[in-house]
Enquirer: 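There's a structure below that I have some questions on.
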There are 2 protein chains.
Amino acid sequence: MKPLTIGRLSRAANVKVTTIRYYETIGLMGTPDRSASGQRLYGMVDVERLSFIRHARELGFSIDAIKDLIRLQTAPDQDCSAVDSIAQQQLVEVQKRLAQLEALERELKRMIENCRGGEIDGCQVMAAINNHAECESEKHERLKPL
Amino acid sequence: MKPLTIGRLSRAANVKVTTIRYYETIGLMGTPDRSASGQRLYGMVDVERLSFIRHARELGFSIDAIKDLIRLQTAPDQDCSAVDSIAQQQLVEVQKRLAQLEALERELKRMIENCRGGEIDGCQVMAAINNHAECESEKHERLKPL
DNA sequence: ATACAGTCTACAGTCACTATAGAGGCAAGC
DNA sequence: GCTTGCCTCTATAGTGACTGTAGACTGTAT
């Protein structure tokens with residue numbers, strides 16, 4: 001039952017110390033108790049909450065979505081459908097992104113296969129980037145970072 | 001042969017005006033001539049360069065990679081292999097990201113399928129996020145934004 | 001007593017832009 | 001010449017989800 005310092009919480013939930021403090025500033029983690037000298041003190045509840053956050057982040061949920069999930073979690077007798085729809089939405093996003101990346105993969109592969117070496121002047125990879133518009137009928141959306 | 005203002009260049013290459021100016025500040029586009037009143041003036045060379053940049057961005061290349069590609073482009077009698085390896089590297093990144101997202105898709109689907117409605121207290125989606133560690137043997141890396 | 005790891009705050013930097021504010025420029029119609 | 005209305009200019013701040021840095025204090029082991 002002894003409280004954890006931020007470093008111990010960090011190891012317990014596998015989230016970096018600086019990230020925990022960041023989560024506090026954005027209101028994702030509550031403001032913890034402090035020791036006499038001002039150090040943050042946490043309990044098992046915090047380990048669980050932080051682990052939940054980490055898992056949700058690993059599943060690609062945005063901070064905002066996680067805030068929603070946590071809010072719903074504290075109202076346990078409500079209907080599950082709100083939770084379900086957040087997850088559904090996340091799946092849709094993941095699938096959109098997958099489709100984009102698959103198109104990219106095809107194009108990069110094609111470019112690279114056509115490259116038979118030689119001088120840059122006649123490089124097929126360069127040509128492919130230049131003629132990108134003609135490569136696939138589908139237009140790419142603005143690409144989010146890899 | 002009359003020069004283009006930034007707005008015309010923007011429409012010609014399908015890149016936003018603000019983005020062109022941004023590319024100038026980071027040295028991706030050179031500093032253009034100016035009219036007497038200080039407006040930027042561009043030529044067809046700039047349309048081509050900007051289009052190249054846009055195509056490369058659509059293929060997911062980073063700004064730094066594009067800088068490299070442009071540098072190589074201006075040395076046309078060098079070997080093509082440097083270009084090829086930049087493209088190869090990009091393909092590897094795309095494929096890594098694809099694998100990550102496919103794992104995510106499987107997990108989200110499984111979570112959602114298990115959800116049979118009911119109260120949040122017994123919600124399988126919530127449970128799945130909590131028990132995420134046990135879901136798939138593979139560990140997710142830190143996830144980049146969708 | 002000293003060394004060293006941990007913790008504190010506050011702020012700047014990342015990436016690739018986007019948005020906003022406020023001022024000045026340019027061409028067409030009246 | 002004047003007005004209308006879009007175009008362009010600079011400078012600065014914001015985005016998301018953190019990470020990195022500086023400089024000072026704290027806690028613990030030897």
Side-chain angles (χ1 to χ4, degrees), chain A residues 2-29 31-42 46 50 53-68 70 90 93 97 100 140-146, chain B residues 2-29 31-42 46 50 53-70 90 93 97 140-146:
Chain A
K2 56 179 56 166
L4 307 166
T5 61
I6 197 168
R8 289 182 197 287
L9 174 62
S10 167
R11 282 186 291 278
N14 197 14
V15 174
K16 289 186 189 157
V17 167
T18 47
T19 305
I20 297 173
R21 285 198 280 250
Y22 167 69
Y23 285 165
E24 190 184 322
T25 67
I26 61 169
L28 192 51
M29 292 291 285
T31 58
D33 291 343
R34 298 286 184 132
S35 73
S37 63
Q39 297 198 351
R40 290 169 179 81
L41 297 176
Y42 298 95
D46 301 298
L50 191 52
I53 292 169
R54 182 172 65 84
H55 298 330
R57 287 293 299 133
E58 284 173 355
L59 287 164
F61 290 97
S62 71
I63 298 282
D64 273 356
I66 297 173
K67 279 186 186 171
D68 286 345
I70 288 175
Q90 177 61 15
E93 296 297 327
R97 191 79 177 95
Q100 269 187 21
H140 302 290
E141 291 183 31
R142 271 263 300 99
L143 196 70
K144 289 171 197 158
L146 282 186
Chain B
K2 54 179 57 167
L4 307 167
T5 60
I6 197 168
R8 289 182 198 285
L9 173 62
S10 168
R11 283 186 291 277
N14 197 14
V15 174
K16 288 188 190 155
V17 168
T18 47
T19 305
I20 297 172
R21 285 197 280 249
Y22 167 69
Y23 286 163
E24 189 183 323
T25 67
I26 61 170
L28 193 51
M29 291 291 286
T31 59
D33 290 343
R34 299 285 187 134
S35 75
S37 63
Q39 297 198 352
R40 289 167 180 82
L41 297 176
Y42 299 95
D46 302 298
L50 191 53
I53 293 169
R54 182 172 65 86
H55 298 330
R57 287 293 300 135
E58 283 172 355
L59 287 165
F61 290 98
S62 72
I63 298 283
D64 273 357
I66 297 173
K67 278 186 187 169
D68 287 344
L69 288 174
I70 288 176
Q90 178 61 14
E93 295 297 326
R97 191 80 177 98
H140 302 290
E141 290 185 31
R142 271 265 299 99
L143 196 70
K144 291 174 197 157
L146 279 187

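Each chain gets a letter, A, B and so on, in the order its sequence line appears, and its residues count up from 1. Predicted model only: the values in this text are computed from it and were never measured.
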Enquirer: May I ask you to verify if any side-chain N or O of A:Tyr22 is less than 4.0 angstrom from the OP1 or OP2 atom of D:dG16?
Expert: no
Enquirer: Side chain of B:Gln39, backbone of B:Arg34: donor and acceptor closer than 3.5 Å?
Expert: no
Enquirer: Specify the separation, in whole Å, of atom CE of B:Met29 and atom P of C:dA16.
Expert: 17 Å
Enquirer: Identify whether any heavy atom of A:Arg40 sits under 4.0 Å from a base atom; if not, whether one sits that close to sugar-phosphate; answer base, sugar-phosphate or nothing.
Expert: sugar-phosphate
Enquirer: In whole angstrom, give the distance that lies between atom CG of B:Leu41 and atom C1' of C:dC26.
Expert: 13 Å
Enquirer: Would you say B:Thr5 reaches D:dT8's phosphate, i.e. side-chain N/O to OP1/OP2 under 4.0 Å?
Expert: yes
Enquirer: Among the nucleotides C:dC17, C:dC8, D:dC9, which one has an atom lying closest to any side-chain atom of B:Ile63?
Expert: C:dC17
Enquirer: Does B:Lys16 place a side-chain N or O at less than 4.0 Å from the phosphate oxygens OP1/OP2 of C:dC17?
Expert: no
Enquirer: Could you tell me how far apart B:Glu58 (CD) and C:dA16 (C1') are, to the nearest whole angstrom?
Expert: 15 Å
Enquirer: Rounded to whole angstroms, how far apart are CG on A:Leu50 and P on D:dA17?
Expert: 16 Å
Enquirer: Do any side-chain nitrogens or oxygens of B:Tyr23 fall under 4.0 Å of OP1 or OP2 in C:dA16?
Expert: no
Enquirer: Would you say a side-chain N or O of B:Thr19 is under 4.0 Å from OP1 or OP2 of C:dT18?
Expert: yes
Enquirer: I need the CD1-C1' distance between B:Ile20 and C:dC17, as an integer number of Å.
Expert: 13 Å
Enquirer: If you measure from the Lys or Arg side-chain nitrogens to the Asp or Glu carboxylate oxygens, is any gap between B:Glu93 and B:Arg97 under 4.0 Å?
Expert: no
Enquirer: Expressed as a whole number of angstroms, how long is the span from B:Leu28:CG to C:dC17:C1'?
Expert: 12 Å
Enquirer: Tell me if a side-chain donor or acceptor on A:Arg57 pairs with a main-chain N or O of A:Phe61 at a distance below 3.5 Å.
Expert: yes
Enquirer: Side-chain N or O of A:Arg8 less than 4.0 angstrom from OP1 or OP2 on C:dA5?
Expert: no
Enquirer: If you assign B:Gly38 and A:Gln39 each to the DNA chain D nucleotide with the nearest heavy atom, which residue ends up on the more 5' nucleotide?
Expert: B:Gly38
Enquirer: For B:Asn14 and C:dC17, what is the distance between atoms CG and C1' respectively, to the nearest whole Å?
Expert: 16 Å
Enquirer: Please report the distance, rounded to the nearest Å, between CD in B:Glu24 and P in D:dT10.
Expert: 8 Å
Enquirer: Keeping B:Arg54 on the side-chain end and B:Val15 on the backbone end, is there a donor-acceptor pair under 3.5 Å?
Expert: no
Enquirer: Can you check whether B:Ser37 has a side-chain N or O nearer than 4.0 Å to OP1 or OP2 of C:dC26?
Expert: yes
Enquirer: Out of C:dC26, C:dC8, D:dT8, which nucleotide sits closest to the side chain of A:Arg21?
Expert: C:dC8
Enquirer: At 4.0 Å (heavy atoms only), tell me whether A:Ser35 reaches a base, stays on the sugar-phosphate, or touches nothing.
Expert: nothing
Enquirer: Roughly how far apart are B:Asp33 CG and B:Arg40 CZ, rounded to 0.5 Å?
Expert: 12.0 Å
